[in-house]
Structures are given as structure tokens and as C-alpha cells.
Novice: 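Dropping a structure here in C-alpha cells format, bear with me for questions.
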Amino acid sequence: MDTKHWKSVAVRKISYDKLIALCDKEYRNPAAFIALLVDKEIERRAALKKMSVEDYLKKLMNERKNGEKSR
């Protein structure tokens, strides 16, 4: 597996079961559903800060790159 493009995460079994149930309902695979959730959360947070999604994402990624914890 190319670790530059794919990562694994561990979740509790109950969360995994909920994810799979949601995936079955939406006809998505778990990776696509997680990507959807992440994108929606970024949109929500950008709106709260009254920023464009692109600007918020740049800020977020720069903070991570610099080891900063945003509040």
C-alpha cells in the first residue's frame, strides 16, 4: 500500500458498525463516507469562522505543518 496516498485509522467497534450501517444506507464505501464527513466538517468550520473553504483549509494545513494546535 502506498502510504503517501492511503492511511489506516482505528475506531471503536461500535463506531465502525455505525459507519457500515450509514454506508449501506448511502451506497458508499467507508473511505468515501469518511471523506464526505471530513469535507462537510471543513465546510462547517469555515462558515463559523466566516472564511472560504479554501482559505480555511490552507490555514488548517499550515497550522498542522508548523505543529500548531488551533483553537
Novice: Does any pair with a residue in residues 33-43 pass salt bridge (charged side-chain N to carboxylate O under 4.0 Å, His left out), and if so which ones, sequence neighbours excluded?
Specialist: E41-R44, E41-R45
Novice: Sequence neighbours left out, what pairs pass salt bridge (charged side-chain N to carboxylate O under 4.0 Å, His left out) with at least one residue falling in residues 5-22?
Specialist: K13-D17
Novice: Between K58 and E54, is the closest basic N to carboxylate O distance under 4.0 Å?
Specialist: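 No, E54 and K58 are not salt-bridged.
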Novice: Partners of L57 by side chain to side chain contact (heavy atoms under 4.5 Å, CB included), sequence neighbours excluded?
Specialist: I42, L60, M61
Novice: Any side-chain hydrogen bond (donor to acceptor under 3.5 Å, both in side chains) pairs touching residues 23-32, not counting sequence neighbours?
Specialist: none
Novice: What pairs with D55 under side-chain hydrogen bond (donor to acceptor under 3.5 Å, both in side chains), at least two apart in sequence or on another chain?
Specialist: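 Applying side-chain hydrogen bond (donor to acceptor under 3.5 Å, both in side chains) to D55 gives S52.
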Novice: Hydrophobic cluster membership, with links at side-chain heavy-atom distances under 4.5 Å among I/L/V/M/F/W/Y: are V38 and Y56 in one?
Specialist: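 They do share one cluster, since a chain of ILVMFWY contacts under 4.5 Å joins V38 to Y56.
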Novice: Cluster question for you: counting only ILVMFWY and a side-chain heavy-atom cut-off of under 4.5 Å, with indirect links fine, are M51 and V53 together?
Specialist: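 Per the 4.5 Å side-chain linkage, M51 and V53 are co-clustered.
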Novice: Just jot down the side chain to side chain contact (heavy atoms under 4.5 Å, CB included) partners of L19, sequence neighbours excluded, or say none.
Specialist: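 In terms of side chain to side chain contact (heavy atoms under 4.5 Å, CB included), with neighbours along the sequence ignored, L19 is linked to C23, P30, F33, I34.
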